[in-house]
Q: 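Handing you this structure, nothing more for now.
Order of the sequence lines sets the chain letters (A, B, ...), proteins ahead of strands, with each chain counted from 1. Values below: every heavy atom of this structure, side chains too, minus hydrogens, waters and symmetry copies.
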Amino acid sequence: MNQNEKSLPSNFIKDRIDDDLKTGKYAGKVITRFPPEPNGYLHIGHAKSIALNFGLAREYNGKCNLRFDDTNPTKEEQEYVDSIKEDIKWLGFDWEGREYYASDYFDKLYEYAIKLVKKGVAYVDSLSSEEIKEYRGMPTSPGKESPYRNRTVDENLELFEKMKNGEFEDGEHVLRAKIDMTSPNMNLRDPVLYRIKHAHHHRTGDKWCIYPMYDWAHGQSDSIEGITHSICTLEFENHRPLYDWFIDQLEIHHPSQIEFARLNLNYTVMSKRKLLQLVEQKIVDGWDDPRMPTISAFRRRGYTPESIVSFVEGVGVAKRDNVVDISVLEYAIRQDLNKKAMRVMAVINPLKIVITNYPDEIEYLDAVNNPEDESMGKRKIPFGKELWIEREDFQEVPHKKFHRLSPGNEVRLRYAYIIKCEEVIKDELGNIIELRCSYDPDTKSGSGKSDKKVKGTIHWVSAPHAFEAEIRLYDRLFNVENPSGDKDKDFLDFINPQSLEIKTKCKLEPGLKDAKPGDRFQFERQGYFCVDTKYTTLDKPVFNRVVTLRDTWAKIASRQ
RNA sequence: UGUCCCGUGGUGUAAUUGGCAACACGUCUGACUCUGGAUCAGAAGAGUCCAGGUUCGAACCCUGGCGGGACAACCA
């Protein structure tokens, strides 16, 4: 255990493990697993589960397996398996070759099922799915038993065998556990163990035409792998008695299931179904669209794995429902990139300025690459009489608290000189198209020749040297905190139409020409940006805004 | 109308197992600053859902309410 892990807050799962360690319940072992279904991309909620399971294993000197719960061949695909593995690795966790699949256990599971049939606690039911649903009853009222419930063991064995051999059509029969149709826990009302699906499985191919239900496969898979602590989300709490029942009937290793509350973030949705909908309806540009809460999207947007892990560890783990504010995530990435990202200047909405008293020449100025990290060094940036500045950094009629450029006012150009705005040039329509400024040669950064102070410093890029690129600004995908919270409206009604703003012909300092896909920078005063890995081409770089800088001015301005 | 789970500042979690509630984000001041960034200093904000009970002492234990969530796929 290193210092870092030690400083993580305690939680009820660790308490449970500590107890088990104390009593010697699992002979001092801690074996966990991360069990995704390969039917979609991982999102940040999964990152919490990954960090928890792998983190626990790391902290207790145990192991954490990766197991794909691939019991439904019609929904699962290799593409998802691949993306899940990539995401886990990217987050910095390692299953050390223990890559398992529920489908690895299909034979064993079949054997277990036979055992239950022989014990007389499982039977083949020939009701239709509609009838089964009807017979199951309601949460508040008991169900009733199927007329097929009392078939003999031999009959069940024969039928189940034929199910396996493909002698029936989909849906003709199912294998069910014989528990209690009147149980107040719906999961105990004779749950379905196997259904017939003549479908091709991504791993077992056409070997099987009966597939185990998740409830039947999951607990036994954990047991087979010798999992000590099966950590899952709250919705499986009601299933635990069923899993316990299976394990007891089978008399096999009994993991402890511990449920925790899944992560929720405001201004987004976190269900795979809804994310899939966003993708399929092309509301976003794929699973890795930088506005998505998927891990691949965060990666593409420019989040670091460290920031995501630090975030999910920071929010803690408990059993109560929660909604974490997106600002906590943004804090995590800013904190990380503040230390790591090279500073650079880029103008997103350019406004031309001409420094009328500056000679017709170019000088190269020193710029610090990262004030937080001296070892990142310095660089030279070209400066001349024609520059681009940010349109927002000029106000013709300045707000009282605005201390940037305005007519007759002075401002410092970062790493360069103090300039004064002398003249505003407009077109026929009254649009500001250029500023004429003068500079004070004694105010060069670092020269110490003048002790003149100005209230503002703005960024700029030399016009003849500017490197043009596209910049994509992202905002939250939804404009309400809880898009799924309205009973009368669909979550898609809350899509934020301004969630993506594409800026073309932005002016960047020339050194950015060498930026490679995935590189991250801080554009001074604006935010952190990452070279897009999908749309960047040799002649057309695209930058994604990871997150803005904390913006006190925006706060002041929005108060008006 | 059933079963299970959960109620601690605005948000998310703690509270060394019964000793007068801490941390983080956010918010608000101020300092510093060639990023309105970062950093630093400080402040406000909960008396722990409610009511009883046990106890010298309760966020922690008990009882009863109230509120929220989960469960009725041949999905996971």
Q: What is the glycosidic conformation of B:rG53: syn, defined as within 90° of 0, or anti?
A: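 B:rG53: anti glycosidic orientation.
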Q: In dot-bracket notation, what is the pairing pattern of RNA chain B, taking Watson-Crick (N1-N3 plus N6-O4 or O6-N4) and G-U wobble (N1-O2 and O6-N3) contacts under 3.5 Å, with [ ] crossing and | for other strands?
A: .((((((..((((.....[..)))).(((((.......))))).....(((((..]....))))))))))).....
Q: In chain order, what residues pass the ring pair (Phe, Tyr, Trp, His ring centres under 6.0 Å) check against A:Tyr80, with sequence neighbours excluded?
A: A:Tyr41
Q: Name the nucleic acid region contacted by A:Phe236, choosing base, sugar-phosphate or nothing; use a 4.0 angstrom heavy-atom cut-off, strictly under.
A: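 The answer is base, as A:Phe236 lies within the cut-off (heavy atoms under 4.0 Å) of a base atom.
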Q: Name the orientation of the base relative to the sugar in B:rA73: syn if the glycosidic angle is within 90° of 0, else anti.
A: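 Judged by the O4'-C1' to base torsion, B:rA73 sits in syn, the angle falling within 90° of 0.
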Q: Would you mind reporting whether A:Thr71 and A:Tyr194 have side-chain heavy atoms less than 4.5 Å apart?
A: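 When only atoms from C-beta onward are counted, A:Thr71 and A:Tyr194 do not touch, as no gap falls below 4.5 Å.
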Q: Would you find a donor on one side and an acceptor on the other, under 3.5 Å apart, between the side chain of A:Asn39 and the backbone of A:Lys75?
A: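 Judged by distance alone, no pair lies under 3.5 Å.
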Q: So A:Gly446, base contact, sugar-phosphate only, or nothing? Heavy-atom distance under 4.0 Å.
A: base
Q: Enumerate all atom pairs, one protein N or O and one N or O from nucleotides 15-17 of chain B, separated by less than 3.5 Å.
A:
unit_1	atom_1	unit_2	atom_2	d
B:rA15	OP1	A:Ser10	OG	2.8

Q: Once you measure the plane-to-plane angle for A:Tyr211 and A:Phe106, does it fall in the parallel (<30°), tilted (30-60°) or perpendicular (>60°) bin?
A: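 Plane angle over 60°, so perpendicular.
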Q: According to ring pair (Phe, Tyr, Trp, His ring centres under 6.0 Å), who are the partners of A:Tyr528, at least two apart in sequence or on a separate chain?
A: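 Listed in chain order: nothing, the list is empty.
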Q: What pairs of residues pass the salt bridge (Lys or Arg N to Asp or Glu O under 4.0 Å) test when at least one of them lies in residues 162-172 of chain A, not counting sequence neighbours?
A: A:Glu158-A:Lys162
Q: Sugar-phosphate means primed atoms, P, OP1 and OP2; the rest is base. With that split, encode nucleotides 35-43 of chain B 5' to 3' as B, S or - using protein heavy atoms under 4.0 Å.
A: BBBS-----
Q: State which residues pass side chain to side chain donor-acceptor pair (under 3.5 Å) with A:Asn266; sequence neighbours excluded, sorted by chain then number.
A: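 Partners of A:Asn266 by the side chain to side chain donor-acceptor pair (under 3.5 Å) criterion, ordered by chain and then number, come out as A:Asp325, A:Glu481.
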Q: Heavy atoms only, 4.0 Å cut-off, all strands: where does A:Ser327 land among base, sugar-phosphate and nothing?
A: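 Contact class for A:Ser327: sugar-phosphate only.
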Q: So what does A:Val192 touch, heavy atoms closer than 4.0 Å: a base, only the sugar-phosphate, or nothing?
A: sugar-phosphate
Q: According to a strict under-4.0 Å criterion, is A:Arg136 in side-chain N/O contact with OP1 or OP2 of B:rC71?
A: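 For A:Arg136, the contact criterion (side-chain N or O under 4.0 Å from OP1 or OP2 of B:rC71) is not met.
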Q: Do A:Tyr331 and A:Gln335 have side-chain atoms, one donor and one acceptor, less than 3.5 Å apart?
A: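 Yes, A:Gln335 and A:Tyr331 have a side-chain donor paired with an acceptor closer than 3.5 Å.
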Q: For nucleotides B:rA21 and B:rC6, find the distance between their P atoms and express it as a whole number of Å.
A: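 Looking at atom P only, B:rA21 and B:rC6 are 25 Å apart.
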Q: Does A:Val317 reach a base, just sugar-phosphate, or nothing at all? Heavy atoms under 4.0 Å.
A: sugar-phosphate
Q: Give me the distance, rounded to whole Å, that separates B:rC5 from B:rG9 when you measure between the C1' atoms they each carry.
A: 24 Å
Q: Any ion pair linking A:Lys340 and A:Asp373 (charged N to carboxylate O, less than 4.0 Å)?
A: no
Q: Within 90° of 0 counts as syn, otherwise anti: where does B:rU17 fall?
A: syn
Q: Could you work out the separation of B:rC40 and B:rG47 based on their C1' atoms and round it to a whole Å?
A: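 Per the computed distance, 31 Å lies between those C1' atoms.
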Q: Between atom CZ in A:Arg262 and atom P in B:rG68, what is the gap in whole Å?
A: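 Rounded to the whole Å, the gap is 21 Å.
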Q: Assign A:His218 to base, sugar-phosphate, or nothing according to its heavy-atom contacts below 4.0 angstrom with the strands shown.
A: nothing
Q: Got a sec, which residues hit ring pair (Phe, Tyr, Trp, His ring centres under 6.0 Å) with A:Phe34, two or more places apart in sequence or on another chain?
A: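 Here no residue qualifies.
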Q: Mind listing the closest non-hydrogen atom pair of A:Met181 and A:Lys144 along with its distance?
A: CE-O, 3.4 Å
Q: Is the number of heavy atoms from other residues, nucleotides or ligands under 6.0 Å of A:Asp451 CG greater than 12?
A: no
Q: Distance check, P atoms only: B:rA51 and B:rA70, in whole angstrom units.
A: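 Pairwise P distance, B:rA51 against B:rA70, rounds to 28 Å.
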Q: Polar-atom pairs under 3.5 Å, protein N or O versus N or O of nucleotides 28-30 of chain B: list them with distances, or write none.
A:
unit_1	atom_1	unit_2	atom_2	d
B:rC28	OP1	A:Arg559	NH2	2.8

Q: Would you measure the distance from the P atom in B:rA15 across to the matching atom in B:rG7 and give it in whole Å?
A: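 Taking atom P in both B:rA15 and B:rG7, they lie 12 Å apart.
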Q: Take A:Tyr439 and A:Tyr417, measure what ring-ring contact (aromatic ring centres under 6.0 Å, His included) needs, and give me the verdict at the end.
A: CA-CA 6 Å; A:Tyr439 88 116; A:Tyr417 303 89; 4.8 Å; yes
Q: Treat primed atoms plus P, OP1 and OP2 as sugar-phosphate and everything else as base, then score nucleotides 2-10 of chain B 5' to 3': B for base contact with protein heavy atoms under 4.0 Å, S for sugar-phosphate contact only, - for none.
A: BSBSS-B--
Q: Looking only at atom C1', what distance separates B:rC28 and B:rG68, rounded to whole Å?
A: 32 Å
Q: Residues two or more places apart in sequence or in another chain: which of them pass ring pair (Phe, Tyr, Trp, His ring centres under 6.0 Å) with A:Phe260?
A: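 Here no residue qualifies.
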Q: Any side-chain donor-acceptor pair under 3.5 Å between A:His459 and A:Glu390?
A: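 Indeed, the side chains of A:His459 and A:Glu390 share at least one donor-acceptor pair under 3.5 Å.
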Q: So what does A:Met345 touch, heavy atoms closer than 4.0 Å: a base, only the sugar-phosphate, or nothing?
A: nothing
Q: Nearest of B:rC74, B:rA73, B:rA76 to any side-chain atom of A:Tyr214?
A: B:rA76
Q: Between B:rA31 and B:rG37, how far apart are the two P atoms, rounded to whole Å?
A: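 It comes out at 13 Å once rounded to the nearest Å.
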Q: What distance, rounded to whole Å, do you find between the two C1' atoms, one in B:rU17 and one in B:rC61?
A: 11 Å
Q: Touch check for A:Leu127, heavy atoms < 4.0 angstrom, all strands: base, sugar-phosphate only, or nothing?
A: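 The residue A:Leu127 makes base contact.
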Q: Begin with the C-alpha distance, continue with both residues' side-chain angles, and end with the deciding distance and a verdict on side-chain hydrogen bond (donor to acceptor under 3.5 Å, both in side chains) for A:Ser126 and A:His173.
A: CA-CA 5 Å; A:Ser126 308; A:His173 307 283; 2.8 Å; yes
Q: Are the side chain of A:Arg412 and the backbone of A:Thr443 linked by a donor-acceptor contact shorter than 3.5 Å?
A: yes
Q: So, OP1 or OP2 of B:rC74: does either fall under 4.0 Å of a side-chain N or O from A:Lys133?
A: no
Q: Quick one: side chain to side chain donor-acceptor pair (under 3.5 Å) partners of A:Tyr101, sequence neighbours excluded?
A: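 Applying side chain to side chain donor-acceptor pair (under 3.5 Å) to A:Tyr101 gives A:Glu99.
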